[in-house]
Amino acid sequence: MQYSFSDNSNERGESHMSFERPKEIFGVNVFDKKVMRERLPKEVFRKLLDSIEGGQKLDPGIADMVASAMKEWAISNGATHYTHWFQPRTEATAEKHMAFLTVDETGIPLESFKGQELVQSEPDASSFPSGGLRATFEARGYTAWDPTSPAYIIKSKKGGTLCIPSAFISYDGTPLDTKTPLLKSLNAVEEAAMRVLKLFGNRGVKWAKVTVGGEQEYFLVDNDIARKRPDLQFCGRSIIGSPPPKGQQMEDHYFGSIHPRILSFMEDVERDLYRLGVVLTTRHNEVAPCQFECAPQFTEANLGCDQNQLIMETLRKMARRHNLSLLLHEKPFADLNGSGKHTNFSIMDSEGRNLLQPSSNSRKNVQFLTFLGGLLYGLSRYIDLLRASIASPGNMHRLGGNEAPPAIMSVFLGKELTDLLDKIEKGLPEDLPAKNTMDLGLNRLPSIILDNTDRNRTAPMAFTGNKFEFRAPGAPQSMGGPLTMICAIWAWGLNEIAGKIEARMNEVDVIDAALDSIRFAARESSAIRFEGNCYSEEWLEEAKKRGLTMANTTPEALELYLIPEYRELLSSLNIMTDREIDAYYEIRLEQYVKTLDIEMSILDSMVWEGILPAISKQMALEKKALSAVPEGEFDLKPWNGYLGRLTNLKSGLISSIQKLDDLRNRVQPLKLEEQAKVLTEEGLDLFSAIREMCDSCERVIDHDIWPYPRYRELLNIS
Ligand code: ADP
Ligand code: MG
């Protein structure tokens, strides 16, 4: 198998190679059900399928046979190694490659992969953050195969690695990853959904699964230029830089025609992902220059989260190959839009029905409203957990930036649904409106569904016709974190609503009982529902009046995890124990503090190594030029003023950067929470003051002297 790039592409990345039909390469690198059926004895295949689809524990008796089939398949596809692929709580992924090759006692080479090695592996866990869950002396951690997400091969130039999606747990069984809590939360919401489905008489339904599709935004800049900026290299964002003369004001980038070099990159990304069984269905330019987006076809949530990790990895890998630099940061450039990961979700039953789809049948519509009501009621109590789940050092720069959702969490339902809930609240409407359609009056065009038309792009959480879209997660985040919280909240709400319906079933029929609960959920959730512009000042005031939580900084948002009733929710649903929540909080806070420290140290070095010397060079240049001007003939005041300004900037920078150094030293001995507090309260302001000075310098210093590529050079793909 060859990559389509690398063959005959010219230096602009335009490929002349023969066309690879997506359908033909789809899934070729995945150990999927088709391969399993071909390569496994019937009985083994059936048992494996039971644990994939029915959630049954894997029969240990078949592990050896599955491992052997997997190994043969992987080796025949060029793999030399295997790895358990897991997601520690850093939000990244981790892998430790093991060779298939071993030698026996007589020195004969063998390719071996046993059932035990498939099911469980034991990487040294001591270097992954555990937030005190595991002492370093007890370094053992286990990875355990998750058969619900298929194994796949990542090809490399000279071979390939069989990747086995896995959970990561400590020696005493405490989860250390983002996958395990997600799986638990999915179970919780799926159980609750089955309970509701039963109430509505859906007897034949075997399962209900959460579905997810994440829209991935990203920036691409030329790597030769990006490499000259330590901030892009080490922080993933520009920590200095003055906005370009032409940023996104013209609004001509969004949905514009895609630059050929970028298109070629996207095509290679898509081809690789097709091979891995991921379907990318959309690709387009985003609002900011050099910003793009792709979105996959939605799928079952656990797989969808794994696939999003694969999408990010593939983007990263392919960028390198195209000599581009991928920026997945939430806010790589000041004054330009940041990048998010809109997390679309819904729930589907075993008949393939989307349970958040409004229906033309009024019984089904009440069922839909019950699922909606469950989420709304859950959110009315626990919406703060959503804010906590998207707290990261980078997202703080993005949220509330008048292009991303604000830090206040709320839900938008659209006029139609809001009107309907209002009607239900006031009393039972005679006729429940079924799904509206709007006839366009053009006979060449079909009727379009109306319920999707009033989109509000300012709300953190929005109903978009037949699914919800959570817009607050940042681009580099694992979807697992936010989705775990959404599922926990939804599971709780659905169970409460189901309980209320069940309690009344002997007095009234299910429809009336459900409508009462929907009315209750509508009323309870009124404070977190908002249909207006979430970017406006009025909303800020209104949200204050409503008593909604405003956690503007990352430490404030993370602290929400520690509120007793929220902890109680997660532990009562068996999603995270109390101890795990403490640990999770600590890991995220530590990540915040470390990120701030890295950014400060990079700023420090950029100022000392690049900017201060540049000011001196400019001053020397000006002084020399000034000395060549004949005395008395000209008004030199402005010129001297300019020199004075440079001198002021230089002094200001030196003293501020020293203050920053002092601050970094001062926080060293403090406890983690104190560090976070001081860095947030004092460090952030100081940081932006220094940035402002740097940017002022940039605007008045010679292009050849300025040590770093400017925004306008970075944001221009040649
Ligand atoms: P937008 O107009 O919001 O930018 P996109 O087409 O870019 O929409 O992305 C929408 C995402 O939502 C896709 O990844 C799509 O697969 C996903 N999606 C659609 N329906 C569902 C569903 N029922 N459950 C989960 N995700 C869904
Ligand atoms: Mg989109």
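Residue numbers start at 1 and run along the sequence shown. Whatever order the structure lists them in is the order used to number ligands and atoms, beginning at 1.
No hydrogens or angles considered: a donor-acceptor pair under 3.5 Å links the side chains of Ser392 and Glu330. If you check the side chains of Thr93 and Glu313, you find a donor sitting under 3.5 Å from an acceptor. For the residue pair Lys341 and Asn308, a side-chain donor N or O sits within less than 3.5 Å of a side-chain acceptor on the partner.
Listed by number with element, the atoms of ligand 1 under 4.0 Å from a non-hydrogen atom of Lys467 are 12 (O), 18 (N), 19 (C), 20 (N), 21 (C), 27 (C). Interface atoms of ligand 1 facing Gln297, defined by a heavy-atom separation under 4.0 Å, are 16 (O). Near Asn354, meaning under 4.0 Å from any of its heavy atoms, are these atoms of ligand 1: 23 (N).
Note: no N/O pair closer than 3.5 Å links Ala295 and ligand 1 by distance alone. In terms of polar-atom proximity, defined here as any N/O pair under 3.5 Å, Val212 makes no such contact with ligand 1. By the 3.5 Å distance cut-off applied to N or O atoms, Glu215 is counted among the residues near ligand 1.
Residue Asn344 touches ligand 1 through backbone and side chain together, judged by heavy-atom distances below 4.0 Å. With a heavy-atom cut-off of 4.0 Å, Thr281 does not touch ligand 1 at all. For Met348, no heavy-atom contact with ligand 1 is shorter than 4.0 Å. With a 4.0 Å heavy-atom cut-off, ligand 1 is reached by the side chain of Glu293 but not by its N, CA, C or O.
Identified under the ring-ring contact (aromatic ring centres under 6.0 Å, His included) test for residues 293-313, with sequence neighbours left out: none.
Taking the six-membered ring for Trp and the full ring otherwise, Phe468 and Phe463 have centroids separated by under 6.0 Å.
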* To do: Walk me through it: do Val269 and Leu273 pass the test side-chain contact (heavy atoms from CB on, under 4.5 Å)?
  => CA-CA 6 Å; Val269 166; Leu273 286 170; 3.7 Å; yes
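Shown here are the side-chain contact (heavy atoms from CB on, under 4.5 Å) partners of Ala521, two or more places apart in sequence or in another chain: Tyr377, Ile497.
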